[in-house]
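Chain letters run A, B, ... following the sequence lines, proteins first, then strands; residues in each count from 1.
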Amino acid sequence: MDGQQSHHLSKRNLMMKRDRHFFGELFLIMLKLSSLTFGGGYVIIGFMRKELSENRSWLSEADMLTFAAIAQSAPGPVAVNTALLAGYKLAGLAGALVSVCGVTLPPLVIITLLSFGYSACCGNFWMECIFKGTQAAVGAIIADVAINLAKVSHREDGWKALTIAALSLACTLLIPGSTIFVLIFFALVGSVFFRSTKVSSPQGDC
Amino acid sequence: MPILASLYWAWFKIGLFSIGGGYVALPLIQEEIIAHQHWLTLSEYADIVAVAEMTPGPIALNCASFVGCKLAGWTGSLTATLGCISAPCAIVLTLAILFKRFGNLPAVSALLRGIKPAVVGLIASVACSFILLSCLKIDSHSGLAVDKIHFDPIAAVICGISFFSLQRCQTNPILVMMGAAVAGILLYGLSSTIL
């Protein structure tokens, strides 16, 4: 793809007006994508690629890949990061702002409304039954996530990785308030032990 | 400290350190929101995570909105969300500029590679908390009341079946959640009306 296509895209993008219609469309795209991505932020990258690169040719495949890599390298929700980068590339800070607003609005509205509902029917017997059931499942789901991540980690870095995982689990359970320190400490330990030989590539593991 | 300011700051910290994937926010939230600020009980936290599994949006933002709303309605929701994305947005823009200038950032790659195993352990700790809570009624954050510990067979069954269907059958977590909700109604609800 790339060099030439990216160049053509850039030229076309420069000619495309950044008017109200454009920002409105960008906002609505992000709003729609955010409303449709259930469970796991990585799915939204694929959707964004489809909307922005395939359907509209606003951004090239290479751009989207770079955004995915950066989005996963930074803290914060991947969906927000990717939206920010796409918006920034398309229309600078204004684009970034519009993009991020579109992406964060659905969860904000939906959850706030649900939250009002939650406190309203807190004492309800059947609601309590439901939540007792979901509470039991939540542990299983998070355990499933942890185990899948462990498998990936083991595949990439072998038993050293699992040792670090076990140690960080032990520290967090035994030493209250240690989460951030565990994260920083073992991140440094890990980055020393696992010399990254391969180029950073976007991987959806979570 | 006024509530909105504490809300913003708490979520700023969570956003800042949630490196390495969506679920890494969970242990950070557990520590800051439940253990440190006591804005949620572990039980309420399990509820919002369950709801977050069934609603769209990143889990961190869902939790932020929930906690923010509980504390200060729409304003709280907005403040928490803004706090959560502030650091990531700043860092992402910085990384984008660096990427553009240097092409590749091996230091970042190395750090990410190192962080992954630690993230595994941290997420596992949240799983442990939730399983202990649902199956043994142990809330590690409200003091281990030894007399309150009791085994909940219904929870254990739901937990076990959920885990099995996720690991072996690759069931969609949304379906697992819905199944657990129905199971909750049937097993808890009917068992208490019949008995």
To the nearest 0.5 Å, what is the distance between CD1 (I70(A)) and CG (L95(B))?
-> 6.5 Å
Answer whether the closest heavy-atom distance between the side chains of F163(B) and I147(A) falls below 4.5 Å.
-> yes
Can you tell if the side chain of P27(B) reaches within under 4.5 Å of the side chain of T172(A), non-hydrogen atoms only?
-> no
Output the residues of residues 132-144 of chain A for which the shortest heavy-atom distance to chain B is under 4.5 Å, in residue-number order; output 'none' if no such residue exists.
-> K132(A), G133(A), T134(A), Q135(A), A136(A), A137(A), V138(A), G139(A), A140(A), I141(A), I142(A), A143(A), D144(A)
What residue, out of V157(B), L122(B), T94(B), has the most heavy-atom pairs lying under 4.5 Å from chain A?
-> L122(B)
Toward chain A, the part of A87(B) with a non-hydrogen atom under 4.5 Å | neither
Result of checking L111(B), V92(B), V108(B) against S73(A) for side chain to side chain contact (heavy atoms under 4.5 Å, CB included) = V108(B)
Can you tell which part of S178(A) gets under 4.5 Å to a heavy atom of chain B, answering side chain, backbone, both or neither?
-> backbone
pair V80(A)-C89(B): side-chain heavy atoms closer than 4.5 Å | yes
Min side-chain heavy-atom separation Y188(B)-W126(A) under 4.5 Å = no
Between side-chain atoms of residues 170-178 of chain B and protein atoms elsewhere (two or more places apart, or another chain), which donor-acceptor pairs fall under 3.5 Å?
from, atom 1, to, atom 2, distance (Å)
Q170(B), NE2, Q167(B), O, 3.2
T171(B), OG1, S165(B), O, 2.8
N172(B), OD1, I174(B), N, 3.0

So, the part of E44(B) with a heavy atom under 4.5 Å from chain A: the answer is both
Give the member of G177(A), C122(A), S119(A), P77(A) that has the highest number of heavy-atom pairs under 4.5 Å with chain B.
-> G177(A)
Rounded distance (nearest 0.5 Å) linking atom OG1 of T179(A) with atom CD of Q30(B) | 7.5 Å
Option in F125(A), F67(A), F186(A) with maximal non-hydrogen atom pairs under 4.5 Å from chain B = F125(A)
Roughly how far apart are I164(A) CD1 and K116(B) NZ, rounded to 0.5 Å?
-> 13.0 Å
Residue part contacting chain A, namely of L28(B), when any heavy atom lies under 4.5 Å | both
Per-residue contact mode, I14(B) against chain A (heavy atom under 4.5 angstrom) | neither
Contacting region of L93(A) [heavy-atom separation from chain B under 4.5 Å] = side chain
Inter-residue atom distance I111(A).CD1 - C69(B).SG, 0.5 Å rounding = 10.0 Å
Identify which part of A166(A) has an atom lying under 4.5 Å from any heavy atom of chain B, answering side chain, backbone, both or neither.
-> neither
What distance separates L84(A) CG from I85(B) CD1, expressed to the nearest 0.5 Å?
-> 8.5 Å
Which portion of F131(A) sits near chain B, non-hydrogen atoms under 4.5 angstrom = both
Could you have a look at I154(B), L112(B), L187(B), I59(B) and say which one has the most heavy-atom pairs with chain A under 4.5 angstrom?
-> L112(B)
With a 4.5 angstrom heavy-atom cut-off, which part of A35(B) approaches chain A: side chain, backbone, both or neither?
-> neither
Does any heavy atom of chain B fall under 4.5 Å from the side chain of S115(A), the backbone, both, or neither of them?
-> both
To the nearest 0.5 Å, tell me how far L108(A) CG sits from T81(B) OG1.
-> 4.5 Å
Would you mind reporting whether L162(A) and P117(B) have side-chain heavy atoms less than 4.5 Å apart?
-> no
Taking every heavy-atom pair that is under 4.5 Å apart, which of L93(B), V182(B), V67(B) has the most such pairs with chain A?
-> L93(B)
Test item: side-chain donor near acceptor, T112(A) and S77(B), under 3.5 Å | yes
Counting heavy-atom pairs under 4.5 angstrom with chain A, the leader among W74(B), F164(B), Y45(B) is W74(B)
Quick one: what part of L33(A) sits under 4.5 Å from any heavy atom of chain B, side chain, backbone, both or neither?
-> neither
Measuring heavy-atom distances to chain B, does Y118(A) have an atom under 4.5 Å in its side chain, in its backbone, in both, or in neither?
-> side chain
Residues two or more places apart in sequence or in another chain: which of them pass ring pair (Phe, Tyr, Trp, His ring centres under 6.0 Å) with Y8(B)?
-> none
Results of side-chain hydrogen bond (donor to acceptor under 3.5 Å, both in side chains) for E25(A) - residues two or more places apart only = R56(A)
